[in-house]
Chemist: 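Handing you a structure now.
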Amino acid sequence: MEVLVAGKNKKEQHDAQAGLGLNPAYVGAYGAAPPLSQIPYPGGVKSLVPEAPAPPNNILFMQNLPHETTPLMLQMLFHQYHVFKEVRMVETKPGIAFVEYTDEMQSTAAMQALQGFKITQQNPMLITYAKN
DNA sequence: AGCACA
């Protein structure tokens, strides 16, 4: 019985070492092994694209606004690029607001036009698509 | 950082 158990354990240990043994290719190439967390595992089965925080939408979500920003200011700002349907501010969370356009083509154009616009020197506004 | 209206 001891023999069988010992043999099995030994086999598993050997397999584990063989798996780690694939990495020395990195060591040879870079001179140091990168953390395992940074190595994309072979196959790359996960198809997650990091560049796509929110799906394109006709509604824009803006943050990093100065707390003194009024809907009228946003209205005038965005109106010069496209006619929008509505602007809404979130009072419970100061510094964020929504601007709703008629379609996502216009919202995209306005977003890029006003991306990083400084309402004040300290507050370049950050615009993304709204979640919903 | 934080996502509200209808």
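Residue numbers start from 1 in every chain, and the chains themselves are labelled A, B, ... in the order their sequence lines are given, proteins ahead of strands.
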Chemist: Taking all atoms of both residues into account, what is the closest heavy-atom pair of A:I119 and A:M73, and its distance?
Modeler: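 Here A:I119 and A:M73 meet closest at CG2-CE, 3.7 Å.
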Chemist: So which pairs with a foot in residues 59-73 of chain A pass side-chain hydrogen bond (donor to acceptor under 3.5 Å, both in side chains), sequence neighbours left out?
Modeler: none
Chemist: Would you kindly give the NE2-to-C1' distance between A:H67 and B:dA1, to the nearest whole Å?
Modeler: 11 Å
Chemist: Who pairs with A:Y129 by ring pair (Phe, Tyr, Trp, His ring centres under 6.0 Å), at least two apart in sequence or on another chain?
Modeler: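 Ring pair (Phe, Tyr, Trp, His ring centres under 6.0 Å) list for A:Y129, sorted by chain: empty.
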Chemist: Tell me the interatomic distance from A:L60, atom CG, to B:dC5, atom P, rounded to whole angstroms.
Modeler: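 Distance, rounded to whole Å: 18 Å.
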Chemist: Calculate the interatomic distance between A:Q63 atom CD and B:dC3 atom C1'; express it in whole Å.
Modeler: 9 Å
Chemist: Under the criterion side chain to side chain contact (heavy atoms under 4.5 Å, CB included), which of A:I96, A:V87, A:L126, A:I127 is the partner of A:M62?
Modeler: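 With A:M62 as partner, A:I96, A:V87, A:L126, A:I127 yield a single side chain to side chain contact (heavy atoms under 4.5 Å, CB included), made by A:I127.
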Chemist: I need the CD1-P distance between A:I96 and B:dC3, as an integer number of Å.
Modeler: 6 Å
Chemist: Tell me whether the rings of A:F84 and A:F78 are parallel (<30°), tilted (30 to 60°) or perpendicular (>60°).
Modeler: perpendicular
Chemist: Whole angstrom is fine here: how far is it from CE in A:M62 over to C1' in B:dG2?
Modeler: 15 Å
Chemist: More 5' along DNA chain B: A:E100 or A:P94, using each one's nearest nucleotide?
Modeler: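 Of the two residues, A:P94 wins.
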Chemist: How many whole angstroms separate atom CD1 of A:I59 from atom P of B:dA6?
Modeler: 12 Å
Chemist: If you take any heavy atom closer than 4.0 Å to DNA chain B, which residues from residues 111-132 of chain A end up in contact?
Modeler: A:T128, A:Y129, A:A130, A:K131, A:N132
Chemist: If I take atom NZ in residue A:K85 and atom P in nucleotide B:dA4, what distance separates them, rounded to the nearest angstrom?
Modeler: 18 Å
Chemist: What's the CG-P distance between A:L65 and B:dG2, to the nearest Å?
Modeler: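 The answer, rounded to whole Å, is 15 Å.
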Chemist: Give the minimum heavy-atom separation between A:Y101 and A:S107, together with the two atoms involved.
Modeler: CD1-CA, 3.7 Å
